[in-house]
Amino acid sequence: MAADQTGDVVPPSLSAKAVGSFAYLTVRDRLPTILTKVIDTIHRNKNKFFEEYGEEGIQAEKQAISLLSKLRNELQTDKPILVLTDGLEDVDTWNRYLERQQGQHDDQEVVSWFKSPWLYVECYMYRRIREALWLNPPISGYDVFNEGKTQSFFESQQATIALCTYFEGFNKKMENIPENLLQEYFYKLLQVSLWGNKCDLSISAGVDNSQKISPIESLAALKLFILVDDSDALWSTLVTARLQTQSGKRSSCRVDFVLDNAGFELVTDLVLADFLLSSGLAQEIRFHGKSFPWFVSDVTAEDFHWTIRQTMAANNRSMSQRGVQWQQYMKEGVWSYHDHPFWTQPHEFCDMEADAPDLYATLQTADLLLFKGDLNYRKLTGDRDWDHTVGFETALRGFAPAPLCSLRTLKANIQVGLQPGRGNKLSSQEPDWMTCGKYAVIQFYSPNSDKQD
Ligand code: F6P
Ligand code: MG
């Protein structure tokens with residue numbers, strides 16, 4: 001049971017209302033645009049499919065487009081959400097979730113696109129895109145978002161070089177760096193990873209959103225826009241873990257990144273992970289990504305390995321050296337990539353312990369969890385219409401496998417943990433402050449600390 005902002009304990013379903021009216025607008029405005037782009041991309045690649053698979057490729061292209069056009073029509077005309085029948089391994093989970101949604105509806109009202117929580121239908125759309133391709137071999141494995149993701153990587157190349165050069169500047173002398181300077185580097189790389197989340201392609205419906213200027217130089221000016229900054233708590237969690245490792249109280253420190261977007265954001269995450277290892281703050285890093293193309297720019301295994309290979313192959317020494325190092329980390333197993341199906345399901349994270357106990361148990365063995373991006377924040381907080389002063393812990397509703405931190409630029413109508421009055425002031429000055437991607441949070445919660453909401 002969760003407590004509301006007055007302290008009253010209320011059942012989770014009543015503790016806050018789903019983001020209803022916003023859902024309606026977003027489904028109608030943004031999702032069809034994304035679907036249209038998906039259809040265009042498949043059509044544009046018709047010749048490629050023909051060259052690779054002959055007539056079979058052309059047939060598959062036509063069939064996939066027909067399924068996606070049907071999906072767009074269902075979405076635009078508020079048709080019922082359909083059960084999945086494509087035989088993929090997660091079908092039962094999705095269908096059970098639909099039943100759960102049905103259970104929350106009044107009497108006979110059917111679960112449809114406009115009358116369901118935004119989080120659910122948005123996730124469902126990406127699962128149906130997966131279905132449309134999966135049902136059409138030989139293009140079943142085609143990543144319809146790949147072009148945008150690779151383009152975003154290449155268009156951010158100068159920013160990546162600037163970041164790798166900055167990193168190389170102090171990485172060589174890491175052993176002699178005084179603690180206060182180490183902390184300063186950590187804060188900077190943390191903020192670079194935070195602002196890397198501006199570069200997702202879902203908010204721009206696939207239009208270029210890459211980083212063009214030096215990410216380090218822009219940090220000072222951006223600081224003002226960080227609404228919650230729990231960097232100190234994060235730093236002390238890492239320093240405590242390091243002390244315990246050094247004194248033999250724990251064998252090592254593991255940090256898990258729950259990744260968000262490919263392109264420049266992923267590069268910033270890899271640089272931060274690199275720093276955690278080379279500074280001795282962590283000894284192992286696990287990356288959690290998506291098992292199929294998701295929310296336009298999210299990282300899949302293919303994107304992850306491709307990014308490391310491209311970084312290695314770069315024409316710039318600082319950049320290629322990072323790539324070589326990252327490949328080495330992968331080879332040694334101190335870095336690893338994981339893609340549990342739960343990350344591509346619609347569940348809020350407070351459901352994880354019951355619905356994906358194996359994943360929850362894995363996260364419990366980490367010393368720190370870094371959740372990247374907006375969608376992860378929505379799932380952490382249940383995508384509810386919380387009062388802005390409600391504490392992060394309350395909004396997490398019991399999800400606390402390990403100390404965790406959200407690094408998120410705001411793109412959806414949820415924000416908790418603000419000082420009284422801050423949200424109202426922002427709303428009166430900038431009505432779109434929660435959705436424009438200009439603001440960000442570094443928001444931390446530890447089940448081990450006494451920090452109260
Ligand atoms: O705002 C549109 C949107 O698709 C949201 O639904 C989603 O939360 C966000 O973009 C994706 O952002 P991120 O890549 O940071 O999770
Ligand atoms: Mg994303």
Side-chain angles (χ1 to χ4, degrees), residues 30-76 79 81-95 121-154 200-202 204-208 259 261-263 266 289-310 337 339-341 343-346:
R30 189 169 294 141
L31 299 190
T33 313
I34 290 173
L35 264 182
T36 302
K37 279 195 168 267
V38 165
I39 292 171
D40 285 351
T41 306
I42 296 175
H43 188 61
R44 245 190 315 104
N45 280 280
K46 194 176 172 170
N47 290 343
K48 176 177 126 84
F49 298 143
F50 182 70
E51 278 160 26
E52 281 179 35
Y53 312 111
E55 198 48 41
E56 241 191 301
I58 298 283
Q59 283 313 316
E61 177 254 356
K62 272 201 193 115
Q63 283 299 326
I65 289 183
S66 147
L67 290 178
L68 290 164
S69 305
K70 179 175 167 290
L71 173 62
R72 186 172 52 186
N73 178 270
E74 286 170 30
L75 188 163
Q76 284 176 315
K79 292 280 187 308
I81 301 290
L82 304 177
V83 293
L84 297 177
T85 54
D86 58 24
L88 280 162
E89 61 289 347
D90 57 353
V91 157
D92 290 346
T93 315
W94 277 93
N95 291 342
V121 291
E122 206 177 9
C123 292
Y124 177 78
M125 180 187 82
Y126 288 95
R127 179 57 179 80
R128 288 282 301 273
I129 295 175
R130 161 104 168 116
E131 173 186 67
L133 286 153
W134 169 251
L135 290 177
N136 285 293
I139 64 166
S140 315
Y142 177 65
D143 180 351
V144 75
F145 302 119
N146 182 262
E147 288 174 7
K149 290 186 276 192
T150 54
Q151 191 184 348
S152 147
F153 175 85
F154 288 123
D200 91 275
L201 296 172
S202 169
S204 59
V207 175
D208 170 33
L259 294 170
N261 303 302
L266 176 58
K290 309 298 190 300
S291 49
F292 61 84
W294 187 250
F295 279 73
V296 187
S297 39
D298 283 19
V299 178
T300 61
E302 180 60 31
D303 301 325
F304 185 84
H305 298 296
W306 180 88
T307 302
I308 294 182
R309 286 198 304 275
Q310 287 300 320
Y337 179 87
D339 54 9
H340 195 283
W343 303 121
T344 41
Q345 284 161 10

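Only this structure's heavy atoms are used, side chains among them; waters, hydrogens and symmetry mates stay out. Everything numeric here is computed off the predicted structure, so don't read it as measured data. Position 1 is the first residue of the sequence, and the numbers go up from there.
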>> Here's a test for you: under side-chain hydrogen bond (donor to acceptor under 3.5 Å, both in side chains), which of Gln345, Arg130, Arg127 qualifies with Asp90?
In response: Arg127
> So, for Val299 and Ala262, which heavy atoms are closest and what is the spacing to 0.1 Å?
Replying inline: CG2-N, 3.4 Å
> Any idea which heavy atoms bring Val144 and Thr41 closest together, and the distance?
Replying inline: O-CG2, 3.6 Å
> Do Asn146 and Glu302 get their side chains close enough for a donor-acceptor pair, meaning under 3.5 Å?
Replying inline: no
Let me have the donor-acceptor pairs involving side chains of residues 54-62, under 3.5 Å, with sequence neighbours excluded, atom names and distances please.
from  : atom 1 : to    : atom 2 : distance (Å)
Glu61 : OE2    : His43 : ND1    : 3.0

> Can you name the side-chain contact (heavy atoms from CB on, under 4.5 Å) partners of Gln310, sequence neighbours left out?
Replying inline: Phe153, Phe154, Trp306
> Any salt bridge between Arg128 and Glu131, counting N to O under 4.0 Å?
Replying inline: yes
> Okay, side chain of Asn73, backbone of Ser69: is any donor-acceptor separation there less than 3.5 Å?
Replying inline: no
> Is it the case that Asn45 and Tyr142 place a side-chain donor and acceptor less than 3.5 Å from each other?
Replying inline: yes
>> Can you confirm whether Lys37 sits close enough to Val296 that some side-chain heavy atom of one is under 4.5 Å from a side-chain heavy atom of the other?
In response: no
> Could you state the interatomic distance from CG (Leu67) to CD1 (Ile129), rounded to the nearest 0.5 Å?
Replying inline: 12.0 Å
>> So which atom in Val91 and which in Leu84 form the shortest heavy-atom distance, rounded to 0.1 Å?
In response: CG1-O, 3.4 Å
>> By the definition ring-ring contact (aromatic ring centres under 6.0 Å, His included), identify the one residue from Trp94, Trp343, Phe292, Phe295 that meets it with Tyr126.
In response: Phe295
> With Phe304, which residues qualify under ring pair (Phe, Tyr, Trp, His ring centres under 6.0 Å), at least two apart?
Replying inline: Phe287, Tyr337
